Amino acid sequence: MADSSFDALVERTARCARDMWLNGWAEGGAGNLSVRVDPARLGGVEGVREEAAWIEAGFELPELGGAAFLMSARGSLFRCIQDRPREGCGVIELDPGGGRYRVIWGFEPAGSPSSEIQSHLAGHAARVRAGDRGEGCALAHVHASNLVALTCALSPDTISITRLLWSLHSECIALFPEGIEVAGWCLPGSPALSRATVRGLEKRRLVLWPFHGVVAAGRSLDEAVGLIETVEKAAGIYLKAAAAGGPSARLGEKELTEIAERFGVTPDPEILGSPAPGLEQ
Ligand code: 2HA
Ligand code: ZN
């Protein structure tokens, strides 16, 4: 059984951040993450602040009233969180109405939560509405290079990119049957980006930010990272096939339906039933 202590959660989170950096998805201060944590786990933890001041969030998320999240710090280096976890991340707790938060651990010595805090919290609220509500539920945002390259090369939409990725590797439709949502381009850290992310996360666990990166949701951070590995790999396969003059062969609707049946998943019917213009075999 996994160690459920707060220290173990921080350690697993820092390892995931390092893995994302090793994958080349978190250059410099790029990337941010958040993991839901039961505030009771922080009882007796070194460095906990009992009387921190409340900060107006500027938005209200009643679904998250009283919830707490371990979150990466603004500008944190994913490469270094393992070395200095109390600097690279922190814990924020929301008030019962979900309109204010306070820092109860970390972000030392004078840091603050991720610049994408609004997308993270609104994204968690969307996942709660979609049924993901437990401790450990996680969101990760990284600059996954193959996926970003794909948005530059193809300017794809939700249907065409999902069909493309499903059609290139036999396990994609099994692992993200609800597809990957493509948001419109939005300014990093903006309320518009948060709204676009929420629209995607209400239905799916992956949202692509064109010319920027990807957001993945999971019931654990490991699961979210695994999802990114899967789509990022498929995007890389496309780029390799394109460099070799292809892809000239793809899995079609018949094969995709067979795979979905074999794995017992229900793919988004609109995506499965839509020929993706210019990308279909
Ligand atoms: O945290 O990646 O989108 C830096 C970013 C913002
Ligand atoms: Zn980013």
Side-chain angles (χ1 to χ4, degrees), residues 10 13-36 55 57-59 69-92 101 103 106-108 110-127 138-152 155-156 161 180-201 204-218 221 224-225 227-229 231-232 235:
V10 172
T13 302
R15 190 216 348 106
C16 280
R18 177 89 183 172
D19 288 348
M20 292 190 263
W21 174 73
L22 283 170
N23 278 327
W25 307 339
E27 72 287 351
N32 30 76
L33 57 85
S34 57
V35 185
R36 189 160 181 166
I55 299 165
F59 47 85
F69 295 90
L70 177 64
M71 187 175 283
S72 54
R74 179 183 285 262
S76 69
L77 304 176
F78 273 21
R79 180 165 51 92
C80 300
I81 293 180
Q82 265 181 336
D83 302 335
R84 295 181 295 278
R86 276 158 66 167
E87 186 181 316
C89 55
V91 176
I92 60 166
Y101 69 87
V103 173
F107 302 131
E108 292 179 1
S112 55
S114 163
S115 59
E116 302 286 5
I117 180 174
Q118 188 168 354
S119 286
H120 276 266
L121 293 181
H124 278 284
R127 291 309 302 167
L139 290 180
H141 158 66
V142 284
H143 300 173
S145 338
N146 294 329
L147 284 165
V148 178
L150 223 62
T151 68
C152 308
S155 55
I161 199 161
I180 176 166
E181 178 93 5
V182 181
W185 180 83
C186 300
L187 203 59
S190 64
L193 185 60
S194 162
R195 285 193 296 275
T197 306
V198 165
R199 270 195 300 278
L201 290 175
R204 315 182 208 278
R205 291 164 299 153
L206 286 159
V207 182
L208 192 51
W209 293 350
F211 306 104
H212 186 161
V214 67
V215 173
L221 188 56
V225 173
L227 261 181
I228 300 173
E229 286 175 327
V231 275
E232 172 68 356

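All ligand and atom numbering here is 1-based and tracks the order in the structure. The model shown is predicted, which means the values in this text are computed figures rather than measured ones. Side chains are part of it too, since the values below use all heavy atoms of this structure and drop only hydrogens, waters and symmetry mates.
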Can you find an N or O of [X] that's nearer than 3.5 Å to an N or O of ligand 1?
X: Ser114; answer: no
X: Trp209; answer: no
X: Gly31; answer: yes

Hey, which N, O or S atom on His141 ends up closest to the Zn ion (ligand 2)?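 Atom name of the closest N, O or S in His141: NE2.
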Is there a side-chain contact between [X] and [Y], using heavy atoms and a 4.5 Å cut-off?
X: Leu187; Y: Leu193; answer: no
X: Ile92; Y: Leu121; answer: yes
X: Phe69; Y: His120; answer: no
X: Val231; Y: Leu227; answer: no
X: Phe59; Y: Ser194; answer: no

Hey, is Gly29 one of the residues with a heavy atom under 4.0 angstrom from ligand 1?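 Under 4.0 Å: yes for Gly29.
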Protein contact to atom 3 (O) of ligand 1 [nearest heavy atom, distance to 0.1 Å]: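 The closest one turns out to be Glu116 OE2, 2.6 Å.
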Protein contact to atom 5 (C) of ligand 1 [nearest heavy atom, distance to 0.1 Å]: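 Among all protein heavy atoms, the one nearest atom 5 (C) of ligand 1 is Asn32 ND2, 3.4 Å.
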Pick one of side chain, backbone, both or neither for how His212 approaches ligand 1, counting any non-hydrogen atom pair under 4.0 Å.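 Under 4.0 Å from ligand 1, His212 contributes side-chain atoms alone.
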Applying side-chain contact (heavy atoms from CB on, under 4.5 Å) between His141 and each of Asn32, Val207, Leu33, report the one that passes.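 Of the listed options, the one satisfying the test is Asn32.
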Metal site angle (apex the Zn ion (ligand 2)), NE2 from His212 and NE2 from His143, 10 degrees: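 The two atoms subtend 100° at the Zn ion (ligand 2).
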What closest approach, in Å, do Glu181 and Gly200 show between heavy atoms, and which atom pair accounts for it?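 Where Glu181 meets Gly200 most closely, the heavy atoms are CG-CA, 3.5 Å.
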